[in-house]
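Right, one structure below, let's go through it.
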2 protein chains.
Amino acid sequence: MQDKITKLFKAIADPTRRDIFHALVIATSALSITQISSQFDISRQGITKHIKTLEEAGLVHINTHGRERFCNANAKPLKEVSKWVEFYSQFWDNSLQDLENYLNNSKDV
Amino acid sequence: MQDKITKLFKAIADPTRRDIFHALVIATSALSITQISSQFDISRQGITKHIKTLEEAGLVHINTHGRERFCNANAKPLKEVSKWVEFYSQFWDNSLQDLENYLNNSKDV
DNA sequence: ATTTTAAGCAACCAAAAAGTTGCGTATTTA
DNA sequence: TAAATACGCAACTTTTTGGTTGCTTAAAAT
């Protein structure tokens, strides 16, 4: 399909998935598919698909007990997102870059 | 369409857009659409669309000079991503959460 | 003044994503 | 053992996305 980091970014790009992930993070115990579904307006199958996407991004771990599948959030992969963002943090507070670009721009034209 | 943060997450979810953004960040001067296009294998129109998405996410600013449109990266909106990730950082290094969830899980079943 | 260049707009296309329903199966519960 | 529950799988629909081509317009260069 696509590289790992893109899978991760895509996983968190969907608002419903961010909500599911959040619900799992703040939950005091692992939640089954049905338990998660009950908190959202979409079908159980819809939830199952989202969970699969989250799982493939490493953001959810699943523990099967009998007929139930308990989901845990795993925030660790978000370290990668953090690393990605951190690189650009050096550019966001100084408008120096903006100014420089502006000057170069004017000069060139 | 959708909320601001989702626009932002979607903008950076595409690998080509991340590449374009990166190219603009490290560029020493603003780049025109044609200049950006020359660095990628997709058509100018494709680039234009990506730029529009980035612009709507606030990640690119455009300066029109005559018939050219010069693009600058603006990393500031990424602060929002950083904030989002930071919240979850408290969960990623202690496997305490995992253990806790595991125990709750076992207990419930 | 003519030609070249930069880029927007619109229409279109294919693939991916988000969601649905129906059905089968395994595990629990009664 | 029979009924209920939890879930996966597969097929299908709709919307979104990433990309294209063709055409037009405006600015610059010759």
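As the structure is a prediction and not an experimental result, all values here were calculated from the model. A note on names: the letters A, B, ... follow the listed sequences, proteins ahead of strands, and every chain is numbered from 1.
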Without decimals, in angstroms, what is the distance between B:His65 NE2 and C:dA7 P?
12 Å

What closest approach, in Å, do A:Glu55 and A:Val60 show between heavy atoms, and which atom pair accounts for it?
CG-O, 3.5 Å

Which value, rounded to the nearest 0.5 Å, describes the distance between B:Lys79 atom NZ and B:Glu86 atom CD?
13.5 Å

CD1 of B:Ile47 versus P of D:dT20: gap in Å, rounded?
9 Å

Is the backbone N or O of A:Ala11 less than 3.5 Å from a side-chain atom of A:Arg17, with the two atoms forming a donor-acceptor pair by type?
yes

When you measure from the side chain of B:Asn72 to the backbone N and O of B:Ala30, does any donor-acceptor pair fall under 3.5 Å?
no

Member of A:Asp19, A:Leu31, A:Ile47 meeting the side chain to side chain contact (heavy atoms under 4.5 Å, CB included) criterion with A:Gln39
A:Leu31

Check the distance between C:dA6's C1' and B:Ile36's CD1 and give it to me in whole angstrom.
13 Å

Interatomic distance where CD belongs to B:Glu55 and C1' belongs to C:dA7 [whole Å]:
14 Å

B/S/- along nucleotides 4-9 of chain D (protein heavy atoms under 4.0 Å) is BBSBBB

Sequence-aligned protein contact record of nucleotides 13-19 of chain C, with B where the base is within under 4.0 Å of a protein heavy atom and S where only the sugar-phosphate is
----SBB

Short question: side chain of A:Ser82, backbone of A:Leu78 - any donor-acceptor pair under 3.5 Å?
no

Going by ring-ring contact (aromatic ring centres under 6.0 Å, His included), name the pairs with one or both residues in residues 11-38 of chain B, residues two or more places apart or in two chains.
A:Phe87-B:His22, A:Tyr88-B:Phe21, A:Tyr88-B:His22

For B:Arg18 and B:Ile12 the tightest heavy-atom approach is NH1-O, 2.8 Å

Expressed in angstrom and rounded to an integer, what is the separation of B:Lys7 atom NZ from D:dT17 atom P?
11 Å

Mind calculating the distance between CZ (A:Phe40) and P (C:dT20) to the nearest angstrom?
13 Å

